[in-house]
2 protein chains.
Amino acid sequence: MNLKELSARLGLSQTTVSRALNGYPEVSEATRKRVESAARRYDYRPNPGAKSLATGKTMAIGHVIPVSTRHEIVNPVFADFIAGAGEVYARNGYDMRLTVVPDDDEDHAYREIAARGSVDGIIVHGPRPDDPRVKLLTEIGLPFVVHGRTSTQDETINWVDVNNRRAFERATNFLLDFGHRRIGLVNGLETMDFAMRRRQGYCRALEARGLALDPELMAAEEMTETSGYRAARRMLAAPAPPTAFLASSIISAAGVRRAITDAGLVMGRDISVVIHDDDLGYMKNGEDEPIYTATRSSVRAAGRLCAELLLDIIAEPGQNPRHLLLDADLVLGRSTGPAPGGAGG
Amino acid sequence: MNLKELSARLGLSQTTVSRALNGYPEVSEATRKRVESAARRYDYRPNPGAKSLATGKTMAIGHVIPVSTRHEIVNPVFADFIAGAGEVYARNGYDMRLTVVPDDDEDHAYREIAARGSVDGIIVHGPRPDDPRVKLLTEIGLPFVVHGRTSTQDETINWVDVNNRRAFERATNFLLDFGHRRIGLVNGLETMDFAMRRRQGYCRALEARGLALDPELMAAEEMTETSGYRAARRMLAAPAPPTAFLASSIISAAGVRRAITDAGLVMGRDISVVIHDDDLGYMKNGEDEPIYTATRSSVRAAGRLCAELLLDIIAEPGQNPRHLLLDADLVLGRSTGPAPGGAGG
DNA sequence: AACATCAGCCAAACCGCTTTGGATTTGATT
DNA sequence: AATCAAATCCAAAGCGGTTTGGCTGATGTT
């Protein structure tokens with residue numbers, strides 16, 4: 001069923017039917033009711049291609065999902081982020097368009113998407129410090145929101161981010177207060193902006209207490225169980241092993257935990273662990289009481305916020321850039337305790 | 001840059017330029033070269049809306065991602081599945097369109113997608129036994145491939161599935177051969193077709209040896225760490241605890257493992273664990289040597305196969321229904337051993 | 001009664017592409 | 001030289017919507 005048929009059946013012009021359905025005032029309430037009920041009866045849906053051609057809007061948002069070229073993995077937070085964003089799109093009649101791309105080819109993918117003009121806006125995932133995609137999209141003039149930040153051009157663009165530095169500074173201070181002096185950082189790849197900030201928070205807390213930074217206690221790898229395991233095992237095997245770990249995700253924390261168990265230690269008693277918890281649906285940090293002490297910030301909520309912000313920008317262009325800096329909660333779990341034989345807080 | 005401008009610049013008609021770019025023979029090689037180089041120079045891309053309007057094809061595939069209404073979780077295998085399918089789409093110039101939907105509203109979502117006609121085909125996720133979506137899509141005539149099976153209409157439709165029954169039957173036999181007699185099944189929700197088949201495989205193996213089925217040893221919940229933990233803890237606390245577990249995913253296995261550790265037992269020594277391993281990129285089952293003994297089948301590969309099959313069907317309609325039944329590998333890890341004090345295999 | 005106003009509707013143009021049905025030119029054939 | 005076929009190219013008609021610029025008839029004003 002298309003517009004032509006529908007209007008023929010109604011004995012009306014296409015103009016009137018289109019206007020009736022799109023809420024224009026030049027149509028009497030009586031006819032509008034009649035048109036709407038007919039549209040429902042015949043299950044009429046405007047063809048999206050035709051509509052986009054006529055209006056210039058595609059009612060679609062593009063997401064580019066980078067796949068790590070090195071390890072063929074796609075970041076597991078995407079599932080939750082997408083779920084959050086998808087909710088918002090569904091509520092607003094928007095479509096989500098996904099492109100899966102090796103992470104060394106992202107620029108090309110964005111350029112491609114922009115040139116084809118098949119979306120009204122883009123959400124940028126996994127920004128690097130000083131990310132070239134930002135300049136690209138700004139030049140093109142395609143509305144976009146960055147999930148995370150890019151360090152340099154922050155003022156001029158729209159983004160939603162967790163206050164990663166603050167979160168890790170707090171987590172580190174928490175451990176320091178417990179008397180821990182050697183804290184192992186099991187971070188994500190520090191080519192990612194968020195991982196860089198987390199390390200900054202960690203370092204800042206240590207330096208504020210006049211503690212030296214030990215490169216042996218800082219790992220930066222993909223956030224997988226295996227990487228977490230390897231990093232923690234290496235640190236634990238060193239002459240001066242850490243008494244606590246700070247892990248960048250609940251998944252790498254699983255590896256950290258395995259290394260701890262392997263070493264014959266008990267988490268929460270012999271050794272403390274604090275994680276950053278993205279509050280993933282399928283990887284909850286416990287139920288009522290958290291398993292791990294954590295800095296927590298829901299990535300699904302971030303997805304929602306990014307999508308809402310983007311739709312808002314599309315609806316009302318020309319606003320000043322907007323930023324949402326979310327603070328992570330510090331939740332207490334059973335994975336932390338005083339440093340064994342430590343000096344105390 | 002659109003066709004009209006491009007052809008004006010070239011001093012050719014839109015017809016000729018369009019034909020040159022789409023590989024039609026009615027155009028001399030010389031002009032084709034000229035057109036192609038101009039298209040490249042001006043970075044011309046045909047407008048997808050216009051193209052789809054003119055051709056009737058959208059060059060897009062729809063995926064509906066159900067979100068559990070009960071626990072707000074989206075199945076973590078999607079990330080990998082989508083990565084696999086996305087590769088194939090990218091190679092073939094197709095777009096992926098995602099819709100995120102509460103899992104009690106999926107039918108409506110499919111109907112909506114079909115009515116709007118914004119995709120050339122659909123991949124059906126998470127089929128239930130005798131799933132109504134299959135009938136719906138068949139009626140509508142939209143090409144589709146099911147990831148998994150629906151038990152009843154299997155012969156008439158296209159699907160890609162792992163031989164789940166066989167996999168779990170083999171896994172159970174493996175444990176039985178080791179002398180285990182009480183094996184706890186930590187399954188996914190058995191409203192899912194794949195989970196049902198897994199239980200069937202488990203039961204069949206037990207019955208083949210004349211062993212009674214104990215409902216206390218069968219759990220069927222969402223495949224989260226927490227659910228796995230709860231199920232395993234309950235079973236371990238029972239009067240006659242299991243000496244082995246069969247877990248439906250590496251994530252619920254993490255919970256099983258936590259319950260085992262909590263009970264003061266050592267996995268692989270005191271108690272055995274076999275898992276089904278979807279070979280998720282961010283949740284690898286070890287590196288060289290698997291952590292868990294597992295039935296392994298890459299969900300990412302399944303995504304690739306589903307997409308390839310669907311594109312094939314779209315390109316050549318009217319073929320007989322095609323089925324791909326993938327066999328899972330049984331890989332040996334360090335999580336299994338003989339039943340303690342058991343009768344031996 | 002003459003005129004302006006306005007609500008309600010419509011015909012036709014347009015969005016950017018593909019494709020049908022010629023038109024023109026070229027080269028070979030007789 | 002006349003004829004025919006093949007090779008190239010083009011104008012125009014869709015595809016299914018939205019939107020511009022009228023047109024008509026009823027109402028209100030003077």
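Below, chains carry the letters A, B, ... as their sequence lines are ordered, and counting in each starts from 1.
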Undergrad: Looking at residues at least two apart in the chain, or sitting in another chain, which of them share a ring-ring contact (aromatic ring centres under 6.0 Å, His included) with A:Phe194?
TA: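 Listed in chain order: nothing, the list is empty.
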Undergrad: Under a plain distance cut-off of 3.5 Å, with no hydrogens placed, do B:Thr152 and B:Asp130 share a side-chain donor-acceptor pair?
TA: yes
Undergrad: Could I get the full list of side chain to side chain contact (heavy atoms under 4.5 Å, CB included) partners for A:Asn2, not counting sequence neighbours?
TA: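 Checked A:Asn2 against side chain to side chain contact (heavy atoms under 4.5 Å, CB included); matches are A:Lys4, A:Glu5.
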Undergrad: Could you check whether any side-chain N or O of A:Asp131 sits under 3.5 Å from a backbone N or O of A:Arg133, counting only pairs where one atom can act as donor and the other as acceptor?
TA: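 It does hold such a pair.
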Undergrad: Walking along DNA chain D from 5' to 3', note the first and the last nucleotide with an atom under 4.0 Å from a heavy atom of chain B, and give both.
TA: D:dT8 to D:dG16
Undergrad: From CD of A:Glu29 over to C1' of C:dG8, roughly how many Å is that when rounded to an integer?
TA: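 Atom-to-atom, A:Glu29 to C:dG8, this comes out as 12 Å.
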Undergrad: Give one of base, sugar-phosphate or nothing for B:Ser52, where a contact means two heavy atoms less than 4.0 Å apart.
TA: nothing
Undergrad: Would you indicate what A:Gly11 reaches in the nucleic acid, counting non-hydrogen atoms under 4.0 angstrom: base, sugar-phosphate, or nothing?
TA: sugar-phosphate
Undergrad: Which nucleotides of nucleotides 14-20 of chain C have their base under 4.0 Å from a protein heavy atom (B), which only their sugar-phosphate (S), and which neither (-), written as one string 5' to 3'?
TA: -BBBBBB
Undergrad: Could you check whether atom CZ of B:Arg111 has more than 12 heavy atoms from other residues, nucleotides or ligands sitting under 6.0 Å from it?
TA: no
Undergrad: Going by the angle between their ring planes, with limits at 30° and 60°, are B:His125 and B:His63 parallel, tilted or perpendicular?
TA: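 Rings of B:His125 and B:His63: tilted, as their planes differ by 30° to 60°.
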Undergrad: Could I get the full list of salt bridge (Lys or Arg N to Asp or Glu O under 4.0 Å) partners for A:Glu87, not counting sequence neighbours?
TA: A:Arg300, A:Arg304
Undergrad: Other residues, nucleotides and ligands only: do more than 12 of their heavy atoms fall within 6.0 Å of CD on A:Glu155?
TA: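 Check fails, neighbour count at 12 or below.
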Undergrad: Taking only Lys NZ, Arg NE, NH1 and NH2, and the carboxylate oxygens of Asp or Glu, determine whether A:Arg116 and A:Glu112 approach each other closer than 4.0 Å.
TA: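 No salt bridge links A:Arg116 with A:Glu112.
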Undergrad: Does either side chain, that of A:Ser68 or that of A:Asp103, offer a donor lying less than 3.5 Å from an acceptor on the other one?
TA: no
Undergrad: Please give the angle, rounded to 10 degrees, between the axes at the start and the end of the helix from C:dA1-D:dT30 to C:dT30-D:dA1, where five pairs define each axis.
TA: 60°
